[in-house]
**Student:** 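The following block contains the structure, expressed as structure tokens.
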Amino acid sequence: MFAKLSALVSSAPSFPYQLVGEPYRTAWGGWKHFKGTSNSDGSAVSIFRTSSTNKQDPKLTSARNGVKRLRTLRHPNVLSFKDTAELDERGETVIYLVTEPVTPLLDVLQTIDMTGPARQEYVAMGLYHIAKAVSFINSDCKLIHANICMRAVVVTETLDWRLHGLDLMTEHMATGDLPLMSASWMVGAQYKPAEIAKCEWGAIQQGPPWAVDSWGLGCLMQEAFNGQEMGSMEELRNTGPIPKPVLQDYQRLLSSQPARRLNPAKLAESSVLKNKLVDTIAFLENLAVKDSSEKDLFFKRLPGAIPDLPLPVLRRKLLPMLAQALTFGGAPAVALGTILQIGSSMDEAEFTERVVPCVSKLFTSTDRSIRRSLLENIDAYGKHLSQSVVEEQIYPNVTTGFTDSNAYLRELTLKSMLTLAPKLSQRTLSNSLLKFLAKLQVDEEAAIRANTTILLGNLAPHLSEATCKRVMLNAFTRALKDSFPPARAAGLKAMMATKQSYAAEEAAGRVIPCVAPLAVDPVSEVRHAALATLGAFLKLLQEHSATMDTAAGAAEGASQQASGGGGWSAGLGSNLGWALSSFGGAKAKDTATGEMSSSRTSTSAASGATSTAFGRPPSPPRPGAQPASSPQPSSGAAPDMFGSTSSLHDADGDGWHDSDGDADAQEEDAEEVAARQRLGRLSTRNTSAQSSKPPAASSTSASTGGGMARQSGASTSGRHIAPPKLSQDDSWAAELDNDDSWDSIDQKNAAGTTGSGRSSAGRRGKGRLGASARGGRLGASRAGSASRGGMKLGAAKLAKSEPDFEF
């Protein structure tokens, strides 16, 4: 039992890689070529596997030699070694060789989308790379590969050719049991030069070290240009697939005399395999040793050469090289334009796979020129960026541009948000982006301020409703106060673009008051934008009003149906009219009684004065003078002649009254009420004094009192009614024709009356009305009280007649 358990444990797999799928159709020698992945990180690898039940099998011996040579041999054009393992599996000895992920050359040439000159350029580039690898092995290492053919070449993901199949590699001057001698049977008959086919090992050692491999290069050239493996050596005579520039070297490689065969090093240095693609790739491979002038000239010409290069090579080879050069600082920022030029020919999936990783990695660069190029070209690749890439990789690096000391970079960063912001989460928009934009709206650069407002207007559809209400209107109204005209215009246009986001109350209470002053802006663009904005929001309010009317009509109809026929609504207009008429008539009596006389003993005299007042014609205004405004009593004011205790402004009910309620107006209203109360007491005293005077004096006083009552009634009416007529016996009017001063009025009134009570009343009225005149409210409204400024106004109106004037 323990023996079985021990055997089970010992046979457990210890190979840290996983084979994927079936092996490729072709592979060199006795190997099978699989795709694979690493168990540690899941990275892709290629796994070569060979096995035998005999550990001493020559195939395994050659495989061990190939693994050893590949482990120790390092060259850019030789397959990269990763790992190896020799295991016992189910009674077999298995050798695993793990390398970088590659594909057999035959499969690539049969599937790649290249034809004509583009295909020939690509094959020439591959042969150039293999020639360099063979030159390194033969000339530098003094080794012989011994079996160069299509199966000994594999292709990387970037379409680079790699040489492998080193199982027969032998030292040129070695003696003894050599791998080439013991395993020459592994070389196909169509690939064997004469010296190997005849087993002339001495001729091999006497000849140059490249003689065998030069023959192999000739065979590879035939297969690569023809696109298929050779079936026999006779196919080498077919020169049809070989391009004419390469034909001469092809024939020299296949010379029957080993010493006369072309050295692969000379083939790599000649111009027959060099073309525009080879030169471009070679320059990028040696970019680190080029000076700045060479780099600038190369990258300046590169965009013009792109259309002539094979598209698969551009996508899979040139693109990663440019991205790597930009990331590590070897290439200037203009190389980004070439990357995007190559990416423009890709579909969505391929662009996301090949270009987006390069671009997102470049955003980590601190080079300002690269950041500038990335932001300037963001429209070319922004639509291909996913939300996760923008949120996690790009936006955190872009935000450094918001606070950059360079104004142009700040502006480019701002403009890039038009592409990136829609792919950000609401949390990032609210907690990060809007904070940066709030700072940029007060930036020292006027253009940045204007563009910030424009960006906010464009971002409104991507923000939540709560964020819009909290931010947008505040930001736009701030822009309306900017000293830079385009910034003001941007604020207006942003309001227009987001008008549907505002409630009717916001439009009426905030938008229109802020926009209206710009309707007279000195800049035409701002002025026209303000007028257009006002029109749009007025239309919005009209639509809202229509909606309210419709809702109110529906509610009223429902109410009528509930009340059984709507009888009350049918009589609403007439009932309302009666109530106002009755209210006004009832209060008119109280007003006349309270204003003209507070004493019940002088009712008849006050009534006579009142009837006289309503027969008086209108008094014209003094030339150049403004019409006297009616008083606006507060809630404690005396009733007017219509019986209303509200102000004239409120009585109109047109909705345009001043509702700010400032302290000055309230103080003036209080003074007016007190003055009117004193005026009533003064009228009572004057009326009582008139009743105790002799007949002549009584006549004069009565006329004066009647004038006071008439003016008081007219001024407190609050409506446009027929003004009182001036009687022929009003002697106070003649006295005021030549003297309009407040003092002369008091002196003349004092001279025409007897009794200390009359004089003290005049002095008391003068002092109070003077204070009211300074407030600008009562003096103008009390246009006709006895011994007041109102009498002066009445006299001035009589001086020059203007019949069309009304109070």
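Fair warning: this is a prediction, and the values are worked out from it, not measured in the lab.
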**Student:** Is a salt bridge present between E269 and K266, judged by a nitrogen-to-oxygen distance below 4.0 Å?
**Tutor:**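 The answer is no: the pair does not qualify as a salt bridge.
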**Student:** So, does K295 use its side chain to make a donor-acceptor pair with the main chain of A288 at under 3.5 Å?
**Tutor:** no
**Student:** Could you walk me through whether Y128 and L277 pass the side-chain contact (heavy atoms from CB on, under 4.5 Å) test, one step at a time?
**Tutor:** CA-CA 11 Å; Y128 169 76; L277 176 61; over 6 Å; no
**Student:** Using modelled atom types and a 3.5 Å cut-off, is there a donor and acceptor pairing between side-chain atoms of D213 and backbone atoms of I144?
**Tutor:** no
**Student:** Which label fits W31 and F48: parallel for a plane angle under 30°, tilted from 30 to 60°, or perpendicular past 60°?
**Tutor:** perpendicular
**Student:** Does M114 reach the side chain of P312, with side-chain heavy atoms less than 4.5 Å apart?
**Tutor:**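 Contact flag for M114/P312 side chains = yes.
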**Student:** So does P58 get a backbone contact from the side chain of S62, meaning a donor-acceptor N/O pair under 3.5 Å?
**Tutor:** yes
**Student:** Are E229 and R151 within salt-bridge range, i.e. N to O under 4.0 Å?
**Tutor:** yes
**Student:** Is a side-chain N or O of S139 found less than 3.5 angstrom from the main chain of F136, in a donor-acceptor match?
**Tutor:**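 Not a single qualifying donor-acceptor pair exists.
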**Student:** Can you check whether D57 reaches T93 side chain to side chain, under 4.5 Å on heavy atoms?
**Tutor:** no
**Student:** For residues M169 and N65, report the shortest heavy-atom separation together with the two atoms involved.
**Tutor:**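 Residues M169 and N65, closest heavy atoms: O-ND2, 3.4 Å.
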**Student:** Taking side chain as C-beta onward, heavy atoms only, is P208 less than 4.5 Å from N263?
**Tutor:**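 Answer no - side chains too far apart.
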**Student:** Indicate yes or no: at least one non-hydrogen side-chain atom of L166 is less than 4.5 angstrom from one of W28.
**Tutor:**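 No, too far: nothing below the 4.5 Å cut-off.
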**Student:** Quick one: do the S43 and D41 side chains pair a donor with an acceptor below 3.5 Å?
**Tutor:** yes
**Student:** Using modelled atom types and a 3.5 Å cut-off, is there a donor and acceptor pairing between side-chain atoms of H172 and backbone atoms of I204?
**Tutor:** yes
**Student:** Within the distance-only criterion (no hydrogens, no angle test), does the side chain of S135 pair as donor or acceptor with the backbone N or O of A131 below 3.5 angstrom?
**Tutor:**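 Judged by distance alone, no pair lies under 3.5 Å.
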**Student:** So do the side chains of L322 and L302 get within less than 4.5 Å of each other, counting heavy atoms only?
**Tutor:**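 Yes; the side chains approach each other to less than 4.5 Å.
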**Student:** Parallel, tilted or perpendicular for Y381 and F363, by the 30°/60° rule?
**Tutor:** perpendicular
**Student:** Can a salt bridge be assigned to the pair K274 and D279 using a cut-off of 4.0 Å between side-chain N and carboxylate O?
**Tutor:** no
**Student:** Which is it for M150 and L109 under the side-chain contact (heavy atoms from CB on, under 4.5 Å) test, yes or no, and what are the steps along the way?
**Tutor:** CA-CA 11 Å; M150 181 175 283; L109 293 179; 4.0 Å; yes
**Student:** Backbone N or O of Q248 within a donor-acceptor pair of the Q251 side chain at under 3.5 Å?
**Tutor:**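 No.
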**Student:** Would D367 and S365 count as having a side-chain donor-acceptor pair, cut-off 3.5 Å?
**Tutor:** no
**Student:** Backbone N or O of L180 within a donor-acceptor pair of the T170 side chain at under 3.5 Å?
**Tutor:** yes
**Student:** What do the steps show when you test Y96 against I47 for side-chain contact (heavy atoms from CB on, under 4.5 Å), and what is the final call?
**Tutor:** CA-CA 7 Å; Y96 289 101; I47 300 175; 3.8 Å; yes
**Student:** Going by heavy atoms in the side chains, are L163 and I137 under 4.5 Å from each other?
**Tutor:**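 Side-chain contact under 4.5 Å: yes.
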**Student:** Does any N or O in the side chain of S214 come within less than 3.5 Å of the main-chain N or O of L262, such that one atom is a donor and the other an acceptor?
**Tutor:** yes
**Student:** Is there a donor-acceptor pair closer than 3.5 Å between any side-chain N or O of R261 and the backbone N or O of S255?
**Tutor:** yes
